[in-house]
There are 2 protein chains.
Amino acid sequence: MDRRIKKSQKAIMNALIHLMAEKDFEHITINEIAEHADVNRGTVYSHYTDKYDLLDKCIEAQLQQLIKSCLPMDETETNLSMDSLLRTFQQMEKDIFIYRTLLTNKGVPSFRNHLQEMMKKEIREQINEYSMDDTSKEIIVQFLSSAIVGVIEWWLMQQTVPCSAKKLSAMLRQLLRLHSEGASLLLEGASDEFAEDKGEGF
Amino acid sequence: MDRRIKKSQKAIMNALIHLMAEKDFEHITINEIAEHADVNRGTVYSHYTDKYDLLDKCIEAQLQQLIKSCLPMDETETNLSMDSLLRTFQQMEKDIFIYRTLLTNKGVPSFRNHLQEMMKKEIREQINEYSMDDTSKEIIVQFLSSAIVGVIEWWLMQQTVPCSAKKLSAMLRQLLRLHSEGASLLLEGASDEFAEDKGEGF
DNA sequence: CCGGTTTTGTTGATTTTTCAACAAAATGGA
DNA sequence: TCCATTTTGTTGAAAAATCAACAAAACCGG
């Protein structure tokens, strides 16, 4: 990609994020974005259809970065491993301003959703090693992904980062292990009990 | 000026300064500057003849900023007044990295000289209110400008700024007043004494 | 000293960005 | 509701930047 394009897109996306830290997305104009980015208004339009397209692409770019940071670096590493988690949180900490803004801005409910979807996908891959029915799996996936996103939100939204990315990933790693194993045992027990009840009920 | 030109020149000048913080000017290549600035090498050449031209223009730009910051804001304000000095030091503090680099890099003896020339000019305008011969005036100008530049160098080159720009300008202002008045009295006394000696000598 | 490599300075074709201008749509206040 | 102002989306011409390529000069190690 031509470096001019890269520079323009980066400037425009950064401008959007900074403006979103100050006002609602709906109240931001293309003019403001262009001025803030120090590019011509036409340049914004040559890269993005409108501000909604810009926002979508901005979110997408951030998510791609996150996905990239949490990819296993070799085949010995699993998803949601300690190293993978650490890289993800370090990436977030590095661009903390961006993530805070995307998570708080009223006009952007979807970033949180995207983040959770990303976590769900990772958890599903981890949880496939447990034998249980699909509904049970989805309950666990929902439970854990909500918990992770909740913790991430808490972590990012403090005035100062409450603990290091390293500590956070270590704690989350432990919590994930504990809760996924615990949940799977619990659900197996409930399933057996349900089967017995059904047998006796009829 | 077209904003593209402004952006390119700024990026190129900043790249030079950053590279100069790491290595001698003589060992810096145009290639490195272009890469650091994230512009095409041809762009560097379209704005500057060679790296020496770039350096000259870079120094000139910084000096212009300094001059601008120390200009009187209205006719009630004099040169080297408290406010004028303060604005100058605040400007330096704001771009402290640049000034440190320009003052320390082996390849740039001239920045310090430019700075001193600038101070000399200011002091000359202040000192014209004292009646004394030209040589005496120049001695005082040299004395005070060297002292000011010496203090500025000391102030900028510490690991952390040793005192606020406000405190520095207040102290310098007092020192300037004390030393210019004291020096003018001293030189008047020496002039009289010299005349007497000459009379008696012969 | 020689030769391989790096750097410089330049050229030309192409692309992206700039800017001004215009019409249409949206906004907000009276 | 009306109207003045602002914002949007677009167009076309010009300028600046990009890139690859080339030749010459400079550098540096054997």
Side-chain angles (χ1 to χ4, degrees), chain A residues 1-61 64 101-102 105-110, chain B residues 1-61 64 101-102 105-110:
Chain A
M1 196 196 295
D2 189 301
R3 76 173 74 202
R4 286 171 298 188
I5 297 175
K6 276 196 232 166
K7 282 194 266 189
S8 295
Q9 289 182 349
K10 185 179 173 190
I12 292 164
M13 283 188 185
N14 282 342
L16 175 65
I17 298 286
H18 278 90
L19 286 167
M20 280 167 70
E22 289 168 19
K23 56 202 297 198
D24 282 359
F25 178 71
E26 291 300 327
H27 295 142
I28 295 170
T29 67
I30 295 275
N31 247 342
E32 288 175 314
I33 295 167
E35 278 170 11
H36 208 94
D38 196 18
V39 299
N40 187 272
R41 190 159 59 77
T43 304
V44 180
Y45 282 108
S46 76
H47 292 276
Y48 309 101
T49 308
D50 52 33
K51 72 175 182 180
Y52 303 93
D53 181 43
L54 167 58
L55 178 62
D56 288 344
K57 288 191 162 71
C58 198
I59 290 171
E60 189 60 36
Q64 286 307 314
T101 304
L102 288 176
N105 196 286
K106 288 203 292 238
V108 194
S110 56
Chain B
M1 195 197 294
D2 189 302
R3 75 173 74 202
R4 285 171 297 189
I5 297 176
K6 276 197 230 160
K7 281 192 268 189
S8 296
Q9 288 182 349
K10 186 179 171 189
I12 293 164
M13 283 189 186
N14 282 343
L16 176 65
I17 298 285
H18 278 88
L19 286 166
M20 279 168 70
E22 288 166 20
K23 57 201 297 198
D24 281 0
F25 178 71
E26 290 301 327
H27 295 141
I28 295 169
T29 66
I30 295 277
N31 246 342
E32 288 175 312
I33 294 167
E35 279 170 12
H36 209 95
D38 196 18
V39 300
N40 187 270
R41 190 161 56 80
T43 303
V44 180
Y45 282 108
S46 75
H47 292 275
Y48 309 102
T49 306
D50 52 32
K51 72 176 183 180
Y52 303 94
D53 180 41
L54 167 58
L55 178 62
D56 286 345
K57 289 191 161 71
C58 198
I59 289 171
E60 188 59 34
Q64 285 305 316
T101 304
L102 287 176
N105 196 285
K106 286 203 290 238
V108 194
S110 57

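Labels below follow one simple rule: chain letters A, B, ... track the order of the sequence lines, proteins then strands, and each chain is numbered from 1. Excluded from the calculations below are hydrogen atoms, water molecules and symmetry mates; all remaining heavy atoms, backbone and side chain alike, are included. Quantities reported herein were computed from a predicted structural model and do not represent experimental measurements.
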>> At 10 degrees resolution, what angle do the end axes of the helix from C/dC1-D/dG30 to C/dA30-D/dT1 form when each is taken over five base pairs?
In response: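 Computed from the C1' atoms at both ends, the axes differ by 60°.
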Distance (rounded to the nearest 0.5 Å) between [X] [atom1] and [Y] [atom2]:
X	Y	atom1	atom2	result
A/Leu55	A/Lys57	CG	NZ	11.0 Å
A/Leu19	A/Asp24	CG	CG	12.0 Å
B/Asp2	B/Ser8	CG	OG	9.0 Å

Quick one: side chains of residues 28-35 of chain A, donor-acceptor pairs under 3.5 Å with protein atoms, not counting sequence neighbours, listed by atom name and distance.
{"unit_1": "A/Thr29", "atom_1": "OG1", "unit_2": "A/Glu32", "atom_2": "N", "d": "3.1"}
{"unit_1": "A/Thr29", "atom_1": "OG1", "unit_2": "A/Glu32", "atom_2": "OE1", "d": "3.4"}
{"unit_1": "A/Glu32", "atom_1": "OE1", "unit_2": "A/Lys23", "atom_2": "NZ", "d": "3.2"}
{"unit_1": "A/Glu32", "atom_1": "OE1", "unit_2": "A/Thr29", "atom_2": "N", "d": "2.9"}
{"unit_1": "A/Glu32", "atom_1": "OE2", "unit_2": "A/Lys23", "atom_2": "NZ", "d": "2.7"}

> Where along residues 41-49 of chain A does a heavy atom fall under 4.0 Å from DNA chain D?
Replying inline: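 Residues of residues 41-49 of chain A under 4.0 Å from DNA chain D: A/Arg41, A/Tyr45.
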>> Counting only side-chain nitrogens and oxygens, does B/Asn40 get under 4.0 Å of the OP1 or OP2 atom of D/dC19?
In response: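 Yes.
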> Of all nucleotides in DNA chain C with an atom under 4.0 Å from a non-hydrogen atom of chain A, which is the first and which the last going 5' to 3'?
Replying inline: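 Here the contact window of chain A covers C/dT15 to C/dA21.
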How close or far is atom [atom2] of [N] from atom [atom1] of [X], stated in whole angstroms?
X	N	atom1	atom2	answer
A/Ile5	D/dC19	CD1	C1'	13 Å
B/Ile28	D/dC27	CD1	P	16 Å
A/Glu26	D/dT7	CD	C1'	14 Å
B/Asn31	D/dC19	CG	P	13 Å

Shortest non-hydrogen separation from [X] to [Y] and the atoms involved:
X	Y	answer
B/Thr101	B/Ile17	CG2-O, 3.4 Å
B/Gly42	B/Asn40	N-OD1, 2.8 Å
A/Gln9	A/Met1	OE1-SD, 4.2 Å
B/Ala11	B/Ala37	O-CB, 3.5 Å

> A/Lys7: what forms a side-chain contact (heavy atoms from CB on, under 4.5 Å) with it, not counting sequence neighbours?
Replying inline: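 Result, side-chain contact (heavy atoms from CB on, under 4.5 Å) vs A/Lys7: A/Arg3, B/Asp38, B/Val39.
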> Given that A/Met1 and A/Asp50 both sit by DNA chain D, which one's nearest nucleotide is further toward the 5' end?
Replying inline: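 The residue mapped nearer the 5' terminus is A/Asp50.
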Hey, does [X] reach any base, or is it just sugar-phosphate, or nothing, if we go heavy atoms under 4.0 Å?
X	value
B/Lys6	nothing
B/Asp2	sugar-phosphate
B/Lys7	sugar-phosphate

> With sequence neighbours left out, which residue pairs that include part of residues 28-60 of chain B fulfil the ring-ring contact (aromatic ring centres under 6.0 Å, His included) condition?
Replying inline: B/Phe25-B/Tyr52
>> Let's test your reading of the model: under 3.5 Å, does the base of D/dA15 pair with the side chain of B/Arg4 as donor and acceptor?
In response: yes
